[in-house]
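Okay, so here's the structure we're looking at.
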Amino acid sequence: MVHKQKSFLSIIWLLATLASLSSAFVPNAYVPPAGSKAHLMPSYETKTLQHDLVQPFLTIRTSRRSNALPTLNGVAGAIGDIFKTYGDLVVGTFTIFCAVTPYMLGILFPKFWNGNFFFTVYKTEKELAADGQDQDLSKGAESMWKCMYASMGFLLTLVTFLQANTYDLYTGPDVLRDQFAIWALFFYAATYKLRYEDVKLEILGKNRLMAQVAHLIFAGFLTISVFIGPKAKIITRLVGLR
């Protein structure tokens, strides 16, 4: 009964996640309060991004209504144009999706991912005891991951909140680039964390090379995504780049 309940909750969570992702690339424009002196229309960059992303799919829907096959070449060309204009946003968003996919799949297939991915990172309590180490070290390391994720969520929400309340200064792409910078910092910190736990604490249960390579790849692509486009405004102001 408990297993069925967990499966049901997992399905609900996945559907909610997919629903949120369905509008991830086409954010709604922010409407300023009545009487505000700020611009009432979304920025040109945001409107162009919405139009470029939605138009190819509207074309497909129209062509289907007219009993004509959708022009895949036209869609591919439109996607290519989007990548040329917003390549940094596409690369950064895709990088984050790749980074978190294993954890999303872990909700649907916990037995596989726990046994082959999550539970094998650190030594077990028996292994720690056999090595004469504190048996709580692995628990502490796992707990730190939760703290890091929660801290990142706090920073993402804080930056988004600040930008949402200064909508006359920031566009949708600005918000994304700032989030890329925060994610990149997380993956750099994760790389250092694993090295410290391996070299100093000696609590890793397997080789850290592949995990650290993955973290550095994610951090590298996100860093590139921040700096190949207009600079992330809040982050660059904080560090004095502007």
Side-chain angles (χ1 to χ4, degrees), residues 1-18 20-21 91-160 178-226 235:
M1 185 68 180
V2 175
H3 178 71
K4 291 182 178 179
Q5 184 179 9
K6 289 183 177 179
S7 300
F8 176 74
L9 292 176
S10 298
I11 293 173
I12 296 298
W13 181 90
L14 179 62
L15 291 175
T17 302
L18 293 176
S20 64
L21 290 179
V91 170
T93 302
F94 181 73
T95 299
I96 294 174
F97 286 173
C98 290
V100 301
T101 294
Y103 302 94
M104 295 175 61
L105 294 177
I107 293 179
L108 298 178
F109 311 102
K111 185 176 181 180
F112 172 81
W113 286 96
N114 287 337
N116 296 279
F117 190 74
F118 301 132
F119 288 173
T120 61
V121 175
Y122 297 104
K123 294 179 180 179
T124 64
E125 293 183 2
K126 291 183 179 180
E127 291 173 333
L128 290 173
D131 294 337
Q133 296 175 285
D134 187 348
Q135 298 182 31
D136 291 334
L137 285 176
S138 292
K139 292 181 180 179
E142 288 285 359
S143 178
M144 184 56 65
W145 285 116
K146 299 174 185 178
C147 295
M148 290 174 62
Y149 265 115
S151 299
M152 182 177 63
F154 171 81
L155 289 176
L156 290 173
T157 304
L158 176 62
V159 169
T160 304
D178 282 325
Q179 293 187 359
F180 296 162
I182 295 172
W183 274 95
L185 291 175
F186 171 83
F187 286 117
Y188 284 126
T191 304
Y192 173 78
K193 180 179 185 295
L194 283 179
R195 182 185 184 280
Y196 176 82
E197 292 167 346
D198 187 23
V199 176
K200 299 293 185 180
L201 300 181
E202 299 181 351
I203 61 174
L204 293 190
K206 62 180 181 181
N207 194 299
R208 61 185 165 89
L209 178 61
M210 294 305 298
Q212 288 200 295
V213 168
H215 288 158
L216 288 176
I217 290 175
F218 296 147
F221 274 110
L222 288 168
T223 302
I224 292 172
S225 299
V226 171
I235 302 299

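The nearest pair of heavy atoms linking Ala211 to Leu194 is CB-CD1, 3.7 Å. Contact record, Ile203 with Ser138: O-OG, 4.3 Å, taken as the closest heavy-atom pair. Residues Pro110 and Ile107 approach most closely at CD-O, 3.7 Å, considering heavy atoms. Of all heavy-atom pairs between Gly92 and Ser225, the closest is N-OG, 3.2 Å.
Leu222 places a side-chain heavy atom less than 4.5 Å from the side chain of Ile96. Between Thr124 and Phe119, the closest side-chain pair of non-hydrogen atoms is not below 4.5 Å. Using a 4.5 Å heavy-atom cutoff, the side chains of Lys200 and Arg195 are not in contact.
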Evaluate Phe187 against Leu216 for side chain to side chain contact (heavy atoms under 4.5 Å, CB included), listing each step before the verdict. CA-CA 7 Å; Phe187 286 117; Leu216 288 176; over 6 Å; no
Evaluate the criterion ring pair (Phe, Tyr, Trp, His ring centres under 6.0 Å) for residue pair Phe118 and Tyr103; output intermediate values, then yes/no. CA-CA 9 Å; Phe118 301 132; Tyr103 302 94; 5.4 Å; yes
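Distance CD/Gln212 to CD1/Ile217: 12.0 Å, rounded to 0.5 Å. Expressed to the nearest 0.5 Å, how far CZ of Phe221 lies from SG of Cys98 amounts to 9.5 Å. Taking CZ of Phe186 as the start and OG1 of Thr191 as the end, the distance is 9.5 Å to the nearest 0.5 Å. Atom CG of Asp131 and atom NZ of Lys126 lie 14.5 Å apart (nearest 0.5 Å). Note that the OH atom of Tyr192 and the NE2 atom of His215 stand 15.5 Å from one another [nearest 0.5 Å]. To the nearest 0.5 angstrom, Leu155 atom CG is 11.5 Å from Asp178 atom CG.
Pairs engaging residues 203-215 under the salt bridge (Lys or Arg N to Asp or Glu O under 4.0 Å) rule: Asp198-Arg208 [sequence neighbours left out]. Within the structure, side chain to side chain donor-acceptor pair (under 3.5 Å) pairs that include any residue of residues 143-157 comprise Tyr122-Trp145 (at least two apart or interchain). Among pairs with a residue in residues 180-189, none fulfils salt bridge (Lys or Arg N to Asp or Glu O under 4.0 Å), at least two apart in sequence or across chains.
Looking at Glu142, its side chain never comes within 3.5 Å of a backbone N or O of Lys139 through a donor-acceptor pair. At distances below 3.5 Å, not a single donor-acceptor pair connects side-chain atoms of Lys123 with backbone N or O atoms of Gln135.
Evaluation of the side chain to side chain contact (heavy atoms under 4.5 Å, CB included) rule for Leu156 yields Met152, Gln179, Ile182, Trp183 as partners, not counting sequence neighbours. Here Glu202 pairs with Gln133 under the side chain to side chain contact (heavy atoms under 4.5 Å, CB included) rule; sequence neighbours left out. When the side chain to side chain contact (heavy atoms under 4.5 Å, CB included) test is applied to Pro102, the partners found at least two apart in sequence or on another chain are Trp113, Phe117.
Heavy atoms of other residues, nucleotides or ligands lying less than 6.0 angstrom from CZ of Phe218 number more than 12. The number of heavy-atom neighbours closer than 6.0 Å to CE of Met144, taken from other residues, nucleotides and ligands shown, is 12 or below.
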